[in-house]
Structure formats: C-alpha cells, structure tokens
Undergrad: 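Below you'll find the structure I mean.
From a predicted model like this one, the values you see are computed outputs, not experimental measurements.
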Amino acid sequence: MAGLYLTNMSLNYLDYATRVIFKSSKVIPVMIFGMVVQGRKYSWQQYCAGILLVMGISSFTMGDKAMHPTFSPIGVGLISLALVCDALTSNLEEK
C-alpha cells in the first residue's frame, strides 16, 4: 500500500515515462531483498535476465526522441522508497 501511495505521490515531481523506467527496475530490488530477507540464491542467468529486462524496458521507454525525462530529487527519492516498499512487500508475502 505504501508503495502505491509513494509512486502516485512521485508523479507530482516526475513525468510518467520516468516513473515507468523506475518501476520497470523493480525486479532488481526484489532480487536483492530476496537474498537478504529470504536467503534466496539466484543464478547468474537470473541476474542477467533481470538486467536485460530493465535495459529493454528502459530503452523502449526512452526511444521517444521528443521525451525529456524530469528527475526531481524529491520525485526520485519517493519512487526509490516506493521500490523498496514494493520489494519488501513481495518478499514478505512469500515468507
């Protein structure tokens, strides 16, 4: 719930494309918190797949030449906290 609230609040400081790029990277914090919270082990293929997924979505989103992303420090902080909340939530729900 906090992740959704923080994500929506960050839209006051970030444009939608920037939000999409940050939220697409959610797989990385989920994997990190999975290692910390649940003691999971991931193979190098899984890490590569996660990184390629983030890179692909980011490059697709940034492909629009007319887009100029906005990176307000407050918005970046809010979306980063939202990612942490989402990563913790998904890992704690599995536990």
Undergrad: According to a hydrophobic-cluster definition based on side-chain heavy atoms being under 4.5 Å apart (Ile, Leu, Val, Met, Phe, Trp, Tyr only), do Ile57 and Ile51 belong together?
TA: yes
Undergrad: Is there a path of hydrophobic side-chain contacts, each under 4.5 Å between heavy atoms, that joins Leu53 and Ile28?
TA: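 Same cluster: Leu53 reaches Ile28 through Ile, Leu, Val, Met, Phe, Trp or Tyr contacts under 4.5 Å.
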Undergrad: Minimum heavy-atom separation for Val27 and Gly50, please, with both atom names.
TA: CG1-O, 3.9 Å
Undergrad: When rounded to the nearest 0.5 angstrom, what is the spacing between CG in Asp86 and CZ in Phe33?
TA: 11.0 Å
Undergrad: Look up atom CZ in Arg40 and atom CD in Gln46, then write down how far apart they are to the nearest 0.5 Å.
TA: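 So the CZ of Arg40 and the CD of Gln46 are separated by 9.5 Å.
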Undergrad: Rounded to the nearest 0.5 Å, what separation is found between the OG atom of Ser25 and the CE atom of Met55?
TA: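 Ser25 OG to Met55 CE: 13.0 Å, rounded to 0.5 Å.
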Undergrad: Can you give me the closest heavy-atom contact between Leu6 and Cys85, atom names plus distance?
TA: CD1-SG, 4.1 Å
Undergrad: How long is the gap from NZ on Lys26 to CD1 on Ile79, to the nearest 0.5 Å?
TA: 11.0 Å
Undergrad: Taking side-chain contact (heavy atoms from CB on, under 4.5 Å) as the definition, give me every residue that meets it alongside Tyr47, ordered by chain and number, with sequence neighbours left out.
TA: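 side-chain contact (heavy atoms from CB on, under 4.5 Å) list for Tyr47, sorted by chain: Met31, Met35, Tyr42.
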Undergrad: Nearest heavy-atom pair of Tyr16 and Leu11: which atoms, and what distance?
TA: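 Tyr16 and Leu11 have their closest heavy atoms at CA-CD2, 4.2 Å.
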Undergrad: About how many Å separate OG1 of Thr7 and CG of Leu83, when rounded to the nearest 0.5 Å?
TA: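 Atom-to-atom, Leu83:CG and Thr7:OG1 are 7.0 Å apart.
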Undergrad: So, for Leu14 and Val76, which heavy atoms are closest and what is the spacing to 0.1 Å?
TA: CD2-N, 4.0 Å
Undergrad: For Thr18 and Asp15, test the side chains for any donor-to-acceptor distance below 3.5 angstrom and give the result as yes or no.
TA: yes
Undergrad: Listed by chain and number, what are the side-chain contact (heavy atoms from CB on, under 4.5 Å) partners of Ser58, not counting sequence neighbours?
TA: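 By the side-chain contact (heavy atoms from CB on, under 4.5 Å) rule, Ser58 matches Ile21, Ser24, Val54.
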Undergrad: For the residue pair Ser59 and Gly56, what are the closest heavy atoms and their distance?
TA: OG-O, 3.0 Å
Undergrad: Tell me, please, which residues at least two apart from Ile74 pass side-chain contact (heavy atoms from CB on, under 4.5 Å).
TA: Tyr13, Ser72, Leu78
